[in-house]
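Read through the structure below, which is laid out as structure tokens, and then see the notes.
Everything numeric here is computed off the predicted structure, so don't read it as measured data. All chains are named by letter (A, B, ...) in the order of the sequence lines, taking the proteins before the strands, and each is independently numbered beginning at 1.
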Number of protein chains: 2
Amino acid sequence: MRTGGRGAKGAVMVDVARRVGVSQKTVSRVINGAPHVRPELRARVLAVAAEMGYRPNVAARALVTQRTHVIGVVAMGTSLFGPASRVFSLEHAARERGYELALTSLPDMSLKHMRTAIHGLLGRGCEGIVLEVPNKVVDIDDALLGGVPVATSVGPIPHVSRQTVITSDQTEAGRLATQHLLDLGHETVWHIGGPEHWHAARERRQGWAAALEAAKRPQPEVLHGDWSAKSGYLLGLQLAKRRDVTAVFTANDHQAMGLMRALTEANRSIPRDVSIVGFDDVPEAEFQIVPLTTVRTDDAAISHRVLSALVALIEGGEPGSEVVEMSRELIVRSSTGEPAHRTRAGSMSPNTAARAPRESIHH
Amino acid sequence: MRTGGRGAKGAVMVDVARRVGVSQKTVSRVINGAPHVRPELRARVLAVAAEMGYRPNVAARALVTQRTHVIGVVAMGTSLFGPASRVFSLEHAARERGYELALTSLPDMSLKHMRTAIHGLLGRGCEGIVLEVPNKVVDIDDALLGGVPVATSVGPIPHVSRQTVITSDQTEAGRLATQHLLDLGHETVWHIGGPEHWHAARERRQGWAAALEAAKRPQPEVLHGDWSAKSGYLLGLQLAKRRDVTAVFTANDHQAMGLMRALTEANRSIPRDVSIVGFDDVPEAEFQIVPLTTVRTDDAAISHRVLSALVALIEGGEPGSEVVEMSRELIVRSSTGEPAHRTRAGSMSPNTAARAPRESIHH
DNA sequence: TTGTGAGGAGCGAAGACCACT
DNA sequence: TAGTGGTCTTCGCTCCTCACA
């Protein structure tokens with residue numbers, strides 16, 4: 001067997017070695033850029049390898065080096081904008097560092113699925129795991145992990161020792177959004193939050209609460225959505241009934257869209273009757289019928305940090321936690337304005353929503 | 001060495017075998033569910049394996065079986081709704097069949113990146129490739145692929161012999177959208193298409209053209225966006241200037257959103273002055289300030305078909321092409337209505353856009 | 001003969017160690 | 001003594017062959 005060609009299966013190192021007339025080890029050295037090979041020989045080996053279409057066998061290499069360079073990702077709600085774009089950021093970050101991702105997306109957050117997912121990832125030989133699921137639903141421990149490290153930005157995972165938690169201070173971003181509304185003159189700000197088991201939802205809510213507290217304003221009861229536009233709409237119908245609601249901060253843009261719909265349906269105009277601030281700055285936020293004021297954060301940077309931290313753990317670093325100052329920027333568009341009673345004289349137009357935006361749109 | 005425990009690295013088959021007092025081969029049989037093992041012995045082996053936290057080494061297995069069960073995916077524009085959700089559908093489909101995905105997302109569509117991506121995937125030992133990029137920018141050939149099969153729903157890839165193309169008739173969906181507008185009484189329908197190198201964009205446009213042709217209506221010049229809300233907005237500004245535009249079919253929902261914004265900015269109301277049909281039925285389409293009429297297709301089903309086709313090729317099937325009847329459904333909401341001149345008597349309200357929707361929203 | 005099990009040979013590459021210049 | 005390059009072994013597992021009830 002193995003008479004050189006071996007059909008469609010592709011050449012292996014020995015084949016290249018024989019063809020060049022050197023040992024397999026020498027080819028190995030060339031392929032891995034190891035020293036102690038004359039430049040001319042190196043070039044010849046490379047040439048022959050390319051000519052034969054040689055491609056190193058990852059399995060063989062992984063077997064002997066005990067390294068797979070695979071990083072597992074457990075994600076959820078991947079049809080959502082946030083989670084989806086984070087996965088792709090992770091993918092890029094991993095590639096840059098010579099790792100690849102093994103993705104598992106969970107249909108729901110049952111604990112059983114979680115464990116199965118982790119188990120599967122471990123079975124694939126991944127050397128570290130990134131969790132992109134609500135940390136409250138993660139039920140794993142050191143025994144299950146078998147020493148594989150974890151990194152995440154969703155908050156600390158209980159019962160896992162080798163982990164690094166990246167905390168991206170979203171509180172400040174939530175505070176920023178709320179403060180903007182207070183600055184405009186609103187007496188207080190309502191909040192449509194995300195699911196409480198999501199770390200990001202809790203932080204944004206905390207930021208909102210902090211801003212109100214600092215300004216000594218009453219804190220209305222929080223309404224909790226599920227990130228979807230529909231939940232924003234349903235909760236928005238409730239808010240629309242209350243005449244004392246003049247400003248709302250929603251935990252993400254899609255909920256804000258639903259809210260805008262609900263308010264419109266109740267004949268409350270935006271921003272004359274109610275001002276709205278979203279979160280995420282999804283690409284279409286700027287192009288809503290009422291362009292949405294929102295907070296833009298640098299999610300990709302966080303993903304990169306998470307991946308760096310994980311790689312550090314894999315390569316022998318110490319577990320720990322880092323608080324990362326997440327860049328955030330308030331993008332003011334047309335969905336926010338002063339409360340009606342303060343500008344009553346100037347804006348009696350029946351159709352504020354359809355007016356030209358305050359901010360020109362950039363191309 | 002290898003004195004049973006071997007520290008944190010986990011047990012291997014021999015360890016389990018020794019512990020049970022059988023040969024390593026017997027453990028192998030048990031793990032792989034092979035016959036010729038007494039039930040009691042099987043149970044004991046399983047118990048000990050679990051107790052020791054034994055996990056098969058995928059690299060070793062792959063090395064000897066020459067199978068990796070990895071499927072490569074080359075995706076693009078993954079922050080877009082369509083591509084992102086397709087990737088996750090593929091992931092589920094793959095898992096069901098015992099395969100896993102290796103994802104590569106391209107930052108842009110340079111040919112160089114394409115080749116690098118394929119090369120990387122092949123280097124990882126993937127047994128098949130799914131292309132989720134515009135087929136026009138794919139520059140690969142049998143030599144590069146080295147016999148690895150390809151499956152895709154983006155149209156045939158030149159110079160690749162082992163491929164199966166799943167054609168999901170989106171033409172019909174485009175026709176449906178256009179016909180709806182014609183049925184409402186619009187003289188003709190304008191079209192904001194997607195990038196022409198995307199197969200889906202071409203098909204949707206063709207459907208639009210076919211509907212107009214069948215009805216013997218004039219075909220306005222097509223405007224081409226890039227799937228983004230911003231492009232819909234910019235092109236929409238042009239359409240807004242023309243008083244003869246009463247109906248527009250956009251190739252996706254996000255472009256439709258931009259268009260709605262542009263029309264609103266130009267003080268044209270939706271649907272009184274202009275009716276709009278989108279495509280995709282993204283979750284937030286229903287909750288826009290003017291709920292969007294759109295076409296919903298079963299993308300996930302197509303992804304499953306693509307994956308099935310690829311697995312068939314991997315496991316020895318014949319290349320070919322399948323035309324799949326893609327299920328589609330027109331979701332009529334508030335962004336479409338009869339043209340103004342036909343209902344002039346009844347709807348002189350200055351603010352049609354903000355009125356309650358025609359369709360009640362389901363919970 | 002039919003289960004049931006053990007023993008040995010690789011899979012493809014990398015590392016330790018040795019042997020030439 | 002450096003620099004070069006070759007030999008032999010090993011990684012963990014599956015398949016093939018063969019020995020025993």
| said: Donor-acceptor check, side chain of B/Ser105 to backbone of A/Phe88, threshold 3.5 angstrom: yes or no? | reply: no

| said: Check this for me: does the side-chain of A/Lys25 come within 3.5 Å of the base of C/dG15 through a donor and an acceptor? | reply: yes

| field | Between P of D/dC15 and CD of B/Gln24, the distance in whole Å | value | 12 Å

| said: Quick check on contacts: within residues 27-37 of chain A, what sits under 4.0 Å from DNA chain D by heavy-atom distance? | reply: A/Arg29, A/His36, A/Val37

| task | Using atom CZ of B/Arg42 as one end and atom P of C/dG5 as the other, report the distance to the nearest whole Å. | result | 9 Å

| message | Of the options C/dC11, D/dC13, C/dA13, whose atoms approach the side-chain atoms of B/Leu63 most closely? | response | C/dC11

| request: Can you run down the ring-ring contact (aromatic ring centres under 6.0 Å, His included) pairs that involve residues 35-56 of chain A, sequence neighbours left out, and say none if there aren't any? | output: none

| request: Could you tell me which residues satisfy salt bridge (Lys or Arg N to Asp or Glu O under 4.0 Å) with A/Arg86, sequence neighbours excluded, listed by chain and number? | output: A/Glu132, A/Asp299

| task | Would you kindly give the CZ-to-C1' distance between A/Arg67 and D/dG12, to the nearest whole Å? | result | 18 Å

| query | Axis-to-axis angle across the helix from C/dT2-D/dA21 to C/dT21-D/dA2, five pairs an end, to 10 degrees? | reply | 40°

| request: Look at the side chain of B/Thr26 and decide which nucleotide, out of C/dA14, C/dG5, C/dG12, has an atom nearest to it. | output: C/dG5

| request: Quickly work out the B/Asp15 CG to D/dC11 P distance and round it to whole Å. | output: 11 Å

| field | Whole-Å distance separating the CZ atom of B/Arg61 from the C1' atom of C/dG12 | value | 18 Å

| message | So, taking the atom named CZ in A/Arg162 and the one named CD1 in A/Ile157, what distance separates them when rounded to the nearest 0.5 Å? | response | 15.5 Å

| task | Using side chain to side chain donor-acceptor pair (under 3.5 Å) as the criterion, point out the one residue from B/Arg95, B/Glu91, B/His92 that pairs with A/Thr104. | result | B/Arg95

| task | Without swapping roles, check the side chain of B/Asp139 against the backbone of B/Leu111 for a donor-acceptor pair under 3.5 Å. | result | no

| message | Just the rounded figure in Å: distance from P of C/dA14 to CE of A/Met13. | response | 4 Å

Which atom pairs, donor and acceptor, lie under 3.5 Å between side-chain atoms of residues 311-323 of chain B and protein residues at least two apart or in another chain?
{"from": "B/Glu315", "atom 1": "OE2", "to": "B/Tyr99", "atom 2": "OH", "distance (Å)": "2.8"}
{"from": "B/Glu322", "atom 1": "OE1", "to": "B/Arg305", "atom 2": "NH2", "distance (Å)": "2.8"}

| said: Tell me the interatomic distance from B/Arg124, atom CZ, to C/dA13, atom C1', rounded to whole angstroms. | reply: 19 Å

| query | Which of the following nucleotides, D/dT14, C/dA6, C/dA13, is nearest to the side chain of B/Thr65? | reply | D/dT14

| Results of side chain to side chain donor-acceptor pair (under 3.5 Å) for B/Thr164 - residues two or more places apart only | none

| message | Looking at B/Gln66, I'd like to know whether one of its side-chain N or O atoms comes within less than 4.0 Å of OP1 or OP2 on D/dT14. | response | no

| message | Hydrogens and angles aside, do B/His159 and B/Asp142 bring a side-chain donor and acceptor to less than 3.5 Å of each other? | response | no

| remark: Rounded to whole Å, the CZ-P distance (B/Arg18 to C/dA6) equals 13 Å

| Can you tell which of C/dG5, D/dG5, D/dC13 lies closest to the side chain of B/Val12? | D/dC13

| Between B/His113 and B/Asp108, is a side chain to side chain contact (heavy atoms under 4.5 Å, CB included) present by the stated rule, with each step listed? | CA-CA 8 Å; B/His113 277 154; B/Asp108 61 64; 3.2 Å; yes

| Looking only at side-chain N and O atoms, does B/Arg38 come under 4.0 Å of OP1 or OP2 in C/dT4? | no

